[in-house]
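What follows is a set of notes on a single structure, which appears directly below.
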Amino acid sequence: MNEILIILFTPLLAGVLAWAFDFRGVREVIGLIGAAVPLAYLVKLYPAVIEKPVDYALTVGGFTLQFQLGTMSWYFAAVASLVGLAMAFGLVATSRSGYDWLFALMSFTGVLGVFLSQDFIGFFLLWELMTFASFMMVLKRNRHESLKYFVLSVIGAYAMLLAIGILYARTGALDFETIRQALIIDVSLGTIGKGETILLFTLFLTAFGVKAGAVPLHVWAPGAYSETDQSYTAFFSGALSKAGVYGILLIYMLMGYKLYAELGTFHGHLTFAYVIAWIGAITVVVASFLAVLQEDIRKLFAYSSVGQVGYILLAFGVGSPLGFAGGLFHVLSHAIFKGLFWLVTAAIILQTGRTRFRDMGGLAEKMPFTFAMGLIAVLSLAGIPPMAGFASKWLIYEAAIQAHMPLVAGAIFLGSGLAFAYVVRFLYGVWFGQRPSELEDVKEAPLPLLLAMTILAIPNLVFGVAPGVVTGYINRILMGDVVGGDYYRLVTQTGTYNALLVSTALVIGLAIAGLVYLYGAKARRVPVTDTYQSGNPVTEEFNLSIRRNFYRPLAEALEFWLRYSWDRFYERLAKLSEDFADALRQAFYNGNVQSYSWYLAIVLLILALWGVL
Amino acid sequence: MNGQYASLLIALPLLSAFFVPLIKGLGERGIKYYLAVITALQTGIAAWVFQQVYSTGKPIIVMAGGWKPPVGINLYIGHFAALFVLIVAVVSFFTAVFSIWSMKVQPIDKYAMLFLLLMLGATGMIATGDIFNLFVFMEITAISAYALTAYNKTGEAAEASLKYMILGGIGSSFFLIGVALIYGSLGTLNMAQIAQLAGNMNPTVAQVGLALIVFGLAVEAELFPLNAWAPDAYQAAPHAITVMFSAFVVKAGLYATARLLYLMQAVGSWHDVLKLLVAMATLTVVVAEFAALRQKDVKRMIAYSSISQVGMIAFALALGSQAGVDAGVFHMVNHAVVKALLFLGVGYVGIKLGGTAMENFQGLGKRMPLTAFALTIGSLAAVGIPLFNIFWSKVRILIAGVEAGYTWGVALILGASVVEAVYYLRFIHAMWFAGEGERMREGLAISLILLLLAALVIVIGIYPDYIWSLAQKAGSDIFNVGQYIKNVPLMEVGA
Amino acid sequence: MLKRLLAITTLIIIGYWLAQGLAGVPFGQDRMLVGKYYLEHVVEQTGAVNAVTAVVVNYRGFDTLGEVTVLFIASTGVGALLWSRKKRRTARTEGSIVLTTGTRLLAPFVMLFGVYIFIHGHLTPGGGFPGGATIATAFLLLYMAFVTYEIPHRAFEKIEGAVGMTYVIVGLIGLAIGGYFLYDWIWQTWGWGHDNIGRLFSGGFIPIIYTIIGIKVGTELSGIIDNMIKEEVSK
Amino acid sequence: MIDWKLILEVIGILLYATFMGFIFMGIERKAMARIQRRVGPPLYQPIIDTLKLLGKKESISHGFIYDFGPVFALGASIAALLFIPIANFQLFSSNADLIVVAYLLEVPMLGIMLGAMSSGNPFSAVGVQRGLLTMVAMQLPYGLALIALIQHWGTFKLSEIVALQGAQGWSVTVPALLIAMIVFDIVFQAMLGLEPFDIITAPAEISMGPMVEYGGKHAAILFTQHAVQIFAETAFFAVLFLGGASNLLELLIKQIAVLFIAIFVASIYPRFTIDQAAKFFWKWPTILGIIAVLLTV
Amino acid sequence: MISVYYFGAISLILIGLYAVLVKKNVLKMLIGLSIMETGVNLLLVSIGYISGRSAPILSEGIGPNQAVDPIPQALVLTAIVIGVATTAMALSVAIILYGKYGTLNVEEIRRLRG
């Protein structure tokens, strides 16, 4: 049905129109419509999708592109559209040109296409489109970062193309369904050897690892996330990184059985899943440690986003149904709280124009609503019980420990501790402490941005208190009663979590504490500046604060590890290859006709030797 | 109007070339407009031939002098030749219009003659059905190319032309030795008959003959070690001529290589030659891409990128499978459109801002937004971004490559195209987001052509089915030699 | 020194390879296929006694058309490359007495001999190209003998163009009459000269084409000589 | 309908817990004094202090978050307490498992941080930094200990763990879990903020750390929070490793035993600086934790 | 092993190639090129020769099976003219080179490189 076509291509169309009619009012309206339509249609199609997946085939250039809206693709598409809508509202406030709208909505189409496509050509085409569009958003502001991002993701994309080619050569098919059957049959046939399966697995892993930001390939994330329009980054890190994670699921669906047959198990876990779990764990730990030590608000959230996607990778790596459930739930919660964080950053940067912690501080009074939204995001990311973040993290804990992966579970503990640390650092750095004099006249963020934040804040609360709603749908995806319990309780074989009861307990506690507070005498309101200066106001040179390198002790504790950085390694590699290219050019094309004729003679010699011998 | 009138394709440019000295009196503008009119006429004829061939589905066999092959020379205008003669004509028309404005260097009448004869040479090479005739048309193209490369009469132009001449000279001599050997052992020069008799050739002669022919044509088709002349020739030639070089002169060489390669399928050592060609093609792609990485001159950069894409076409054609040849032909069409767009744009900027160094392109978006937009579309297409035309053919080539078992070759090409993405995107960044300048007036005709080509790139990108069906028919025209032999009405000749 | 050694060894190996290839095509053996057809049918199909000329002009007329274009490109190319606003002959030493008188005497005969060669192309060896070349040598003699002599190069260019066009028009007439481009309509359709094979008025349109080629080659080669001898005179 | 019996139990347990919490704080100060051969204040001294602070006529506040911080901290501690099985009263513990309780015990930390940060005093900021770093440092060994426990008993639910310990003997008796208990005890030291890891409040350096700006009723709320926190943590320790308790008295004895271990350790060791603490936590306790975890897998 | 004509032709080709590969002066390279072309033409003609037969002028004495193969001779006619054309072009380019560079040494003519 052409609903899928509408879902897929309205954003692109709207983007092109917005770029064409580049006037203040018109551009925003078209953009908003473009971003809202997919969500609307997805909701409309929800009942249809529950019974039977909706299919649609399109023949282009000799290839047949098949699209299918099944339960899983509906889930991912819904998450992406939700964040996309919030992004659109954010863009209304932060972007001034049709250029941003065009490429933001083009990447929106790319992501939706990736989730919905059922054959490799469509998948690869829309994957490249998504990468290209997000690259163009970054290219506008910073060439170096954008090139680093593009090179890495193009290497990933081309690794995937190579893998597609090999699969096509072996199975003769391009669409997922036939490849799946072929690979299952192939286990007995054995046409694809062990070496080749490993090659295919590594190729796919690099392709999806780059987009998800797994550790060795995460180098592009901080630069790319911070060097673009911040409200677009909400979509960039909220939805685009999910494409990488969706890819990992694809590996399971397509090659799971084949990989199991070829690579066997290790300590009772699927070997290839174990590898993914460990990549996830390392990503969580490394990214969180780096996030804690960042000085720039955008870099902090970029590394934190990489870390959180590491959680999802880890959950999928566990391989048990509960692991998939935890991972899928975390896809949703990461999208909403990370999207919210980026919108909060967008508001801060829009109003103060500063991005480093040392220049900010004491904004809580000036931007109360944004602060409240920031607090909700903080609670959700840190995994404080009443929030959605906790529910998904709880599921991942359950899965990891149940699947007897202790060290990986240990990594989650460390990761969530660090998450708590860098989130509070954000709170202190931006909202509290003494306010620098230049920020006196900061006003609250404009209405569309606030609206965008509420769109993402509400799900945090709703799914926090009633996680059953999401796990109910996830059970339908995984076709089995993986996570028991009703709307408010999550019940697994080994543990329960009654979200409603925990929230009510917190409310009771707050009530009691409130009573104790009111019982005491009335508190006199004193301005924040009247503290350690015994009365006289805190002047500029006495504005003591440790906003700058807040975690210096931790940096000292870790300085052994901080010497090595993947980023510097890649930069040196790039420079090396460019020098090699230069040397090759100077050597070969040295401008002397004689040496050129020597090349001809050499080719003749080769032909002669081949002929003679 | 029976098929024989297709010979007008050859007669018209020749007639008009000889006519130029007589109308020297019309002055410079007159000759330039005359040139445009003739190329338009040629496009008309080519379109008529194209429609004729593709509607009836049967190739047109033009028999010179009324003699049936192999006695006389025949022009075999099959699906491929019809498509490409049309491309040659259209690109020549665009370049003619462009050179009306851009060509300032003096003896314009001689320029017009050489221009027409270059077009004639390429059309002849694509259409001919006789290997010695192919040699003659190759020489026509080559010598007019030597003259046109040196046309600017600057030191660099002369140097580039010298390089092209010496390497081209060696290449064509060895090609002729190959032809001599083939003729010596088979007694015939007609391609169809060679294909028939190739099986029972003496293996050593076949091996040497085939190797030499492929070597001679490879110099023309710019494969790795032999393409050292190409970047200099592209850079030093006048801007209009570089467009013709990259759009169809190279393609004619590539087509000839592919045609002769697949004709000699029956030869014993055929597969080894294929492997050698695949290796050379992959090396071409890799070395050309790496060489383009730190270029100071944009025209030379795009020349390198054109050479690497040509290497990719050669890779596809040398795979030895039907899918490979179809993909190669499809890429030929796309490459012709994109490179014509890029070189026209760069040439236009080169003349308007004096010189094609990278500095002139800084902030082009502010100075000449229309050209910058066209160049951006061209570069994005060249990189292989989806929704542009090269993406489709690149994907097809790579899949055909893996299917033919050259996984390593495909991996190297992919690595090279990452490098290509880097320098093209640096180019785009330089144009739009660096440097500054105030808006300049842009000529109507040329902007129109640029936008038309850019639109063509996007249309093929979004809806590639039509062009792909053409490419498939053209591909089978080359690959399916049995059909080729049946189409040519061979007389029973000889003892 | 090393480079020469390397070059020699490479060339020897290539030579050995070519020799090995040529061994497969033994010298002097009769391996004719299309050639035999030509020899048997040349007289009644084209009316020319000299088989080579028949092949060059009639059977493989297309090659010669290409051939003429190549020479035309050469002369235009040389003209384009050595073009300058003001060109004049800068030779100073007059030819010696022997040369000047000899040339004054011989030039017309050399030209006449050239014309003889290309008119009898279809009978005697040699054809348009050697004839044209002899005419060009006549002009070369004049250049060497006399310091001031110049060919009327603007007129020569016009002749070249006109003659070239006549060649293509002959081809097109063939297309119009016989239905095939370069069709020998004189011999095949009108059937002139069927009776006097071996004499001047036979061989279909071969003599006409060879006269065209003769004039064209003569003018072009002398044009090339003219361009190369003159030097740019800057004011 | 509302389960009156449950509400009464909850109120009873809360009062009992706060009272016992203050007594524990008193024991702590008394024991420290006795070790240093001082008489030390009477056991109920903390209760008197809290009441005095509550009685203060006027206390200052730096804005809504400054007040909300301590209130949120106390509320969270109370909530955490409700989910721990206290002796024979299974309050809400059937609805939450080990992970939820572990997180709820850390939520008060966020409350205190919020309040401290909004006070705008750099010393409280330094306190917050140290609190967070200790929390980060102890997170890994703490997690490993819990994982070892869960893997051994195979379940997350506290009530089931207590039942299993009742049946098969305390988890301390199992060698692997003994190591886990040692690790948990070191971490427990940091959770209580006692001597080797009391860098957070660091009495001599920055006087009460994050709570430096607090006075009057805010300080009182924080003290009650600390009391409830101590009771909850000791109960948590007892439930996990010492087989819970059938009645309150048995629970009390176990809690005091755990408390005394902590007090003895506290009175011996000097204070770690924060990066030494981090390095220490990531060396020995983590290695022990990994051993415990590998033994139980 | 191969006839003297082939040997002569091949050696001419190799001498031409040798000159192009080794000689520094552009003119010498061009001369080498034309030597190579003459070598190829010689090879082409000698391929067509049939021992014991005369030129393909079918006058009284010579019938179809007394004549040599006419095609290679036709091809050589064209090849010679192509050789002339290439050499003419090459020489005019050499004139310009000498005008602009002031030297004909191949080592110095290297402005376009890299």
Side-chain angles (χ1 to χ4, degrees), chain B residues 70 131-133 135-136 138-140 142-147 149-170 172-185 187-189 228-229 231-236 291 294-297 300 304 495, chain E residues 6 9-10 12-13 16-17 20-21 26 29-30 32-49 65 69 71-72 74-76 78-79 81-102 104 106 108-114:
Chain B
I131 47 175
F132 188 78
N133 198 260
F135 171 72
V136 170
M138 192 170 93
E139 276 313 305
I140 291 175
I143 296 175
S144 45
Y146 303 152
T149 323
Y151 187 75
N152 283 340
K153 293 187 266 302
T154 61
E156 285 77 14
E159 179 194 336
S161 166
L162 178 78
K163 288 177 189 169
Y164 191 1
M165 220 173 282
I166 290 180
L167 297 181
I170 298 173
S172 55
S173 314
F174 277 95
F175 177 80
L176 201 52
I177 300 171
V179 165
L181 276 172
I182 300 275
Y183 177 73
S185 57
T188 167
L189 288 167
W229 58 271
D232 305 343
Y234 280 51
Q235 183 184 6
R294 273 213 192 118
Q295 276 303 341
K296 297 287 168 292
D297 186 303
R300 194 174 175 88
Y304 276 119
Chain E
Y6 287 161
I10 294 173
L12 265 178
I13 295 168
L17 199 57
V20 170
L21 289 180
V26 169
M29 289 172 89
L30 296 181
L33 213 63
S34 54
I35 293 172
M36 200 154 71
E37 255 134 38
T38 34
V40 169
N41 295 342
L42 177 60
L43 182 74
L44 206 58
V45 169
S46 49
I47 292 258
Y49 178 71
N65 33 36
D69 186 349
I71 299 178
L75 305 185
V76 160
T78 325
V81 173
I82 289 175
V84 162
T86 337
T87 329
M89 284 303 301
L91 290 176
S92 46
V93 164
I95 293 169
I96 300 178
L97 271 176
Y98 190 75
K100 290 287 188 296
Y101 281 82
L104 277 177
V106 153
E108 271 112 39
I109 306 175
R110 287 177 64 200
R111 281 199 206 138
L112 284 177
R113 62 172 178 271

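Residue numbers start from 1 in every chain, and the chains themselves are labelled A, B, ... in the order their sequence lines are given, proteins ahead of strands.
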Please classify the contact of [X] with chain B as side chain, backbone, both or neither, using a heavy-atom distance under 4.5 Å.
X: Met36(E); answer: side chain
X: Leu43(E); answer: side chain
X: Ile47(E); answer: side chain
X: Leu17(E); answer: side chain
X: Leu33(E); answer: side chain
X: Val26(E); answer: side chain

**Request:** Report the C-alpha distance between Tyr164(B) and Val93(E) in whole Å, list the side-chain angles of each, state the deciding distance to 0.1 Å, and finish with yes or no for side chain to side chain contact (heavy atoms under 4.5 Å, CB included).
**Result:** CA-CA 11 Å; Tyr164(B) 191 1; Val93(E) 164; over 6 Å; no
**Top of Asn41(E), Val20(E), Ile13(E), Ile71(E) for chain B proximity - count of heavy-atom pairs under 4.5 angstrom** = Ile71(E)
**Prompt:** Relative to chain B, which of Val40(E), Val106(E), Ile95(E) shows the most heavy atom pairs under 4.5 Å?
**Reply:**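 The residue among Val40(E), Val106(E), Ile95(E) with the greatest pair count is Val40(E).
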[X] to [Y] - nearest heavy-atom pair and separation:
X: Leu44(E); Y: Ala180(B); result: CD1-CB, 3.3 Å
X: Thr86(E); Y: Met165(B); result: O-SD, 4.2 Å
X: Gly155(B); Y: Tyr101(E); result: O-CE1, 3.5 Å

Find the distance between [atom1] ([X]) and [atom2] ([Y]) and round it off to the nearest 0.5 Å.
X: Thr154(B); Y: Ile96(E); atom1: OG1; atom2: CD1; value: 8.5 Å
X: Leu75(E); Y: Leu176(B); atom1: CG; atom2: CG; value: 8.0 Å
X: Lys163(B); Y: Ile109(E); atom1: NZ; atom2: CD1; value: 9.0 Å

**Message:** Taking the side chain as everything from C-beta on, heavy atoms only, tell me whether Thr78(E) gets closer than 4.5 Å to Phe132(B).
**Reply:** yes
**Message:** What part of Ala291(B) gets within 4.5 angstrom of chain E, counting heavy atoms only: side chain, backbone, both, or neither?
**Reply:**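 The answer is neither part of Ala291(B).
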**Request:** Under 4.5 Å heavy-atom distance to chain E, tell me which part of Arg300(B) shows up: side chain, backbone, both or neither.
**Result:**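 Just the side chain, heavy atoms under 4.5 Å.
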**Item:** Backbone of Glu156(B) reached by a side-chain donor or acceptor of Lys100(E) within 3.5 Å
**Value:**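 Judged by distance alone, no pair lies under 3.5 Å.
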**Message:** Among Ile140(B), Asp232(B), Leu181(B), which residue has the highest count of heavy-atom pairs closer than 4.5 Å to chain E?
**Reply:**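 Max contact count across the listed options: Asp232(B).
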**Complete:** Heaviest contributor of heavy-atom pairs below 4.5 Å to chain E, chosen from Val136(B), Leu162(B), Leu189(B), Val179(B), is Leu162(B)
